[in-house]
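Below is one structure, written out as structure tokens; comments come after it.
Letters go in sequence order (proteins before strands), and every chain restarts at 1.
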There are 2 protein chains.
Amino acid sequence: MTDYVSGRTLQRAELARRTSCNLETIRYYEKTGMMPDPPRTASGYRIYDDSHISRLRFILRARELGFSVEQIRGLLTLVDDGTQTCAEVKDRTEQHLADVRAKIVDLQRIEKVLAETAAQCSGKDVPECPVLEALTSELP
Amino acid sequence: MTDYVSGRTLQRAELARRTSCNLETIRYYEKTGMMPDPPRTASGYRIYDDSHISRLRFILRARELGFSVEQIRGLLTLVDDGTQTCAEVKDRTEQHLADVRAKIVDLQRIEKVLAETAAQCSGKDVPECPVLEALTSELP
DNA sequence: GCTACAGTCTGTAGCAACTACAGACTCAAG
DNA sequence: CTTGAGTCTGTAGTTGCTACAGACTGTAGC
């Protein structure tokens, strides 16, 4: 468990800790091509550096925001593929921006319904709960 | 395929059609205890009525609003027990509302980043694209 | 009555996106 | 040189569906 060149390289558990990512998820992201195959020690241990931390943080953040793995792979291709023109990158960025905005609209719609139904709620022990009624009634 | 007592009973495909639910999903909800085991014809065909329609609509609606199956099971227990207080339902709804709002804030933050970086983009064929730099850097 | 064919039944396999485990190996400390 | 934690691999389980195979049922046409 040496092979540490300096404080700048880390192993899988340390990368997991620093990103609050599950240990196995790192391997999963590697298997599915989102994280690069990291260099290995002579005995086969993965070694990571700061670039892996930021890439993993990006992935986790995007996942948290509801991007699918496939979409994130798209975003990451922008990063990885240096042959793209700025115009292409802009296009794809704007497409993702549109996705994000659509998602916000969706969530705001949900927020509205939840807020309205919760507001109607008396909090008393009545059998007719407006929340349940709202959920069973026809969609807006 | 008779056994129809009147226009008030329906089979699985009809229930699916009326709720825009996938046929197999109904069986899945039954298996996982969200939908009750329906009565059957002599030959084993499931038969449903209006109560099944509203329960299934409730489930689908709640799923659409982002409640997990586990959370919905919780809501349904409140309904089924009859002992539910409106306050309990309100609590759970507001908890979920808080989750949704947090998600919106997150998305608005990434929206800002994406919009700003896309706006900086010249669209020309320059190798140094500001979007790529923004994507790889730390998210605020 | 008989056959064709749509609809239903069951169990099981697949999907995404993880998460957890078993069994073998490695490494640093005591 | 043993112990114990950390790592490796492949594979199985999780959630919330969705799809399929193969058997059975029911109705309509002949």
So which protein nitrogen or oxygen atoms get under 3.5 Å of nucleotides 2-5 of chain C's nitrogens or oxygens?
none

Check: For A:Ser68, which contact category applies under a 4.0 Å heavy-atom criterion: base, sugar-phosphate, or nothing?
Finding: sugar-phosphate
Next item on the list: Assess whether side chain to side chain contact (heavy atoms under 4.5 Å, CB included) is satisfied between B:Ile47 and B:Leu10, documenting all intermediate values.
Entry: CA-CA 6 Å; B:Ile47 36 180; B:Leu10 36 149; over 6 Å; no
Notebook entry, point to check: Should B:Arg12 be listed as having a side-chain N or O under 4.0 Å from OP1 or OP2 of C:dC9?
Noted result: yes
Next item on the list: Report yes if a side-chain nitrogen or oxygen of B:Arg73 is closer than 4.0 Å to either non-bridging phosphate oxygen (OP1 or OP2) of D:dG16; otherwise report no.
Entry: no
Next item on the list: Tell which nucleotide pairs with D:dC30, taking only Watson-Crick or G-U wobble pairs whose two distances are both under 3.5 angstrom.
Entry: C:dG1
Check: For the residue pair B:Gln11 and B:Tyr45, what are the closest heavy atoms and their distance?
Finding: NE2-CD2, 2.9 Å
Item checked: Whole-Å distance separating the CD1 atom of B:Ile72 from the C1' atom of D:dG16 -> 10 Å
Next item on the list: Using only side-chain N and O atoms of B:Gln11, determine if any of them is under 4.0 Å from OP1 or OP2 of C:dG7.
Entry: no
Next item on the list: Quick one: list whatever passes side-chain contact (heavy atoms from CB on, under 4.5 Å) with A:Arg73, sequence neighbours left out.
Entry: A:Thr32, A:Met34, A:Val69, A:Glu70
Next item on the list: Name all residues meeting the side-chain contact (heavy atoms from CB on, under 4.5 Å) criterion together with B:Asp49; count only those two or more places apart in sequence or in a different chain, and write none if there are none.
Entry: B:Ser51, B:His52
Check: Looking at B:Glu30 and B:Pro36, what are the two nearest heavy atoms and their distance?
Finding: CG-O, 4.0 Å
Check: Does the side chain of A:Arg40 get closer than 4.0 angstrom to OP1 or OP2 of D:dT7 through an N or O atom?
Finding: no
Margin query: According to side-chain contact (heavy atoms from CB on, under 4.5 Å), who are the partners of A:Val100, at least two apart in sequence or on a separate chain?
Written below: A:Phe67, A:Ile104, B:Leu107, B:Ile110, B:Glu111, B:Leu114
Notebook entry, point to check: Reckon B:Arg46 has a side-chain N or O less than 4.0 Å from the OP1 or OP2 of C:dT10?
Noted result: yes
Checklist line | Set of residues satisfying side-chain contact (heavy atoms from CB on, under 4.5 Å) with respect to A:Ala13, sequence neighbours excluded | finding: A:Leu23
Checklist line | Residues within residues 22-31 of chain B bordering DNA chain D, heavy-atom distance below 4.0 Å | finding: B:Asn22, B:Glu24, B:Thr25, B:Arg27, B:Tyr28, B:Tyr29
